[in-house]
Protein chains: 2
Amino acid sequence: MARAATTSDVFNAIAEPQRREILVLLRAGERPVTELAGELGMTQPQASKHLRVLREVGLVRDRKAGRQRLYGLDARGLRPVHEWTGGFERFWNESLGRLDAYVQDLKQTRRET
Amino acid sequence: MARAATTSDVFNAIAEPQRREILVLLRAGERPVTELAGELGMTQPQASKHLRVLREVGLVRDRKAGRQRLYGLDARGLRPVHEWTGGFERFWNESLGRLDAYVQDLKQTRRET
DNA sequence: AAATGGTATGCCTATATAGGCATGCGTCAA
DNA sequence: TTGACGCATGCCTATATAGGCATACCATTT
């Protein structure tokens with residue numbers, strides 16, 4: 001099997017560097033495809049494809065504006081990722097030494113069971 | 001081209017659901033491969049492979065303990081992900097309405113340039 | 001209606017997995 | 001030393017991209 005489909009999974013969608021860059025650019029406001037492609041140095045089809053993935057996972061919304069299509073950020077989907085990683089915060093805050101001690105302790109406890 | 005290699009990129013490493021589950025389990029302390037595989041309902045080779053990826057991106061450390069090899073969490077690599085998503089916090093905190101207004105505004109400004 | 005600008009898609013290729021299995025290896029116990 | 005146990009790997013397959021190109025689509029402007 002290959003990796004899970006990027007669509008339907010925000011974690012996979014943001015695994016692509018260029019897609020992350022697109023999201024960053026969109027923080028400044030809506031933009032048409034061509035402009036995004038230009039700023040990121042990618043072809044228009046490339047940009048459209050990445051935007052499609054982002055749209056399918058809900059990180060981006062599109063709106064027709066005359067002849068162009070403006071893409072806008074909808075970052076709500078990033079919240080779960082932020083919260084998931086946040087669940088590990090105490091682990092990177094503790095010094096590695098204390099972390100080791102902590103782990104050792106748990107290991108002991110578990111082994112004794 | 002295929003997606004970038006999972007190794008050398010934390011974002012890709014945690015794009016895999018099972019790898020995320022492994023990390024969660026490791027919050028409780030070090031564990032041998034077999035135990036992880038058992039709790040997650042995957043085969044031992046599968047677990048070893050996922051652990052290898054996690055080790056290569058630095059999210060996990062391994063330590064030989066007699067006949068077994070204990071894997072432990074090293075969440076420091078998750079911090080960048082947490083911070084990156086954190087950069088979008090104000091966007092999911094604002095009501096969608098205000099977000100729209102904000103974006104509209106920026107768009108106007110940009111168009112006028 | 002015809003021409004043009006702005007996008008979305010289809011098609012083809014190379015590549016990187018994720019799984020399933022069998023098996024090689026190193027370590028500890030008898 | 002011989003087994004048994006715990007893991008790591010190698011090999012093979014099916015699948016999902018990411019890129020590059022050409023092109024079909026749609027709305028707007030002459």
Side-chain angles (χ1 to χ4, degrees), chain A residues 1-23 25-26 30-57 59-72 107 110-111, chain B residues 1-23 25-26 30-57 59-72 107 110-111:
Chain A
M1 301 277 236
R3 196 175 302 179
T6 60
T7 179
S8 79
D9 183 345
V10 175
F11 280 91
N12 270 295
I14 65 172
E16 234 291 325
Q18 306 218 300
R19 283 199 285 267
R20 287 202 295 280
E21 292 185 52
I22 287 178
L23 293 176
L25 278 184
L26 291 181
E30 293 179 310
R31 301 247 170 118
V33 181
T34 306
E35 199 172 310
L36 289 171
E39 295 188 44
L40 296 177
M42 59 174 106
T43 65
Q44 173 269 310
Q46 281 297 314
S48 283
K49 287 175 183 174
H50 283 312
L51 284 167
R52 177 174 185 168
V53 172
L54 292 173
R55 193 195 332 155
E56 291 180 333
V57 298
L59 288 174
V60 148
R61 288 169 299 154
D62 63 304
R63 175 168 76 79
K64 305 188 89 170
R67 189 158 41 183
Q68 28 182 40
R69 180 179 291 257
L70 295 179
Y71 279 91
K107 185 195 62 171
R110 196 157 44 62
R111 289 262 160 282
Chain B
M1 301 279 237
R3 197 174 302 177
T6 61
T7 177
S8 79
D9 183 344
V10 175
F11 279 91
N12 271 295
I14 64 172
E16 235 291 324
Q18 308 219 305
R19 282 198 285 266
R20 287 201 296 277
E21 292 184 51
I22 288 178
L23 293 176
L25 278 184
L26 291 180
E30 292 179 310
R31 300 248 172 116
V33 180
T34 305
E35 199 171 309
L36 289 171
E39 295 188 44
L40 296 178
M42 59 174 104
T43 65
Q44 174 268 308
Q46 280 296 315
S48 282
K49 287 175 182 174
H50 282 312
L51 284 166
R52 178 175 184 165
V53 173
L54 292 172
R55 194 198 330 158
E56 291 180 333
V57 298
L59 288 174
V60 148
R61 287 169 299 153
D62 63 304
R63 175 167 76 78
K64 305 189 89 170
R67 189 159 38 183
Q68 24 181 44
R69 179 178 291 258
L70 297 179
Y71 279 90
K107 184 193 62 170
R110 197 156 45 62
R111 290 260 161 284

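In the text below, chain A, chain B and the rest are named by the order of the sequence lines, each starting its count at 1.
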Of all residues at least two apart in sequence or in a different chain, which pass the side-chain hydrogen bond (donor to acceptor under 3.5 Å, both in side chains) check with A:Glu56?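 With sequence neighbours excluded, A:Glu56 shows a side-chain hydrogen bond (donor to acceptor under 3.5 Å, both in side chains) to A:Thr7, A:Arg52, given in chain and number order.
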Query - A:Arg19 side-chain N/O to A:Ala13 backbone N/O, donor-acceptor pair under 3.5 Å - result: yes
- With a 4.0 Å cut-off on heavy atoms, is A:Thr34 in touch with a base, just the backbone sugar-phosphate, or nothing at all?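 Sugar-phosphate contact only.
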Please give, in whole Å, the distance from [N] [atom2] to [X] [atom1]?
X       : N      : atom1 : atom2 : value
B:Leu36 : D:dA8  : CG    : P     : 10 Å
B:Met42 : D:dA8  : CE    : C1'   : 15 Å
B:Leu70 : D:dA8  : CG    : C1'   : 15 Å
A:Asp9  : C:dA18 : CG    : P     : 12 Å
B:Ile22 : C:dA18 : CD1   : C1'   : 13 Å
B:Arg69 : D:dC7  : CZ    : C1'   : 8 Å

[X] side chain N/O closer than 4.0 Å to the phosphate oxygens (OP1, OP2) of [N]?
X       : N      : value
B:Arg19 : C:dA18 : yes
B:Tyr71 : D:dA8  : yes
A:Arg52 : C:dA8  : no

For a quick test of reading the model, state the closest non-hydrogen atom pair linking [X] to [Y] and the distance between them.
X       : Y       : value
A:Val10 : A:Val57 : CG2-O, 4.1 Å
B:Pro17 : B:Ala15 : CD-O, 3.4 Å
A:Leu26 : A:Gly72 : CD1-C, 4.2 Å

The side chain to side chain donor-acceptor pair (under 3.5 Å) partner of B:Tyr71 among B:Arg63, B:Arg61, B:Arg55 is B:Arg55
Would you mind telling me which of A:Gln44, A:His50, A:Gln46 makes a side chain to side chain donor-acceptor pair (under 3.5 Å) with A:Ser48?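 Running side chain to side chain donor-acceptor pair (under 3.5 Å) over A:Gln44, A:His50, A:Gln46 with A:Ser48 returns exactly one hit, A:Gln44.
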Each nucleotide of nucleotides 19-30 of chain D classed B (base within 4.0 Å of a protein heavy atom), S (only sugar-phosphate) or -, in 5' to 3' order, makes BBBB-----B--
Contacts of A:Asn12 and B:Leu51 projected onto DNA chain D by closest heavy atom; the upstream (5') one is B:Leu51
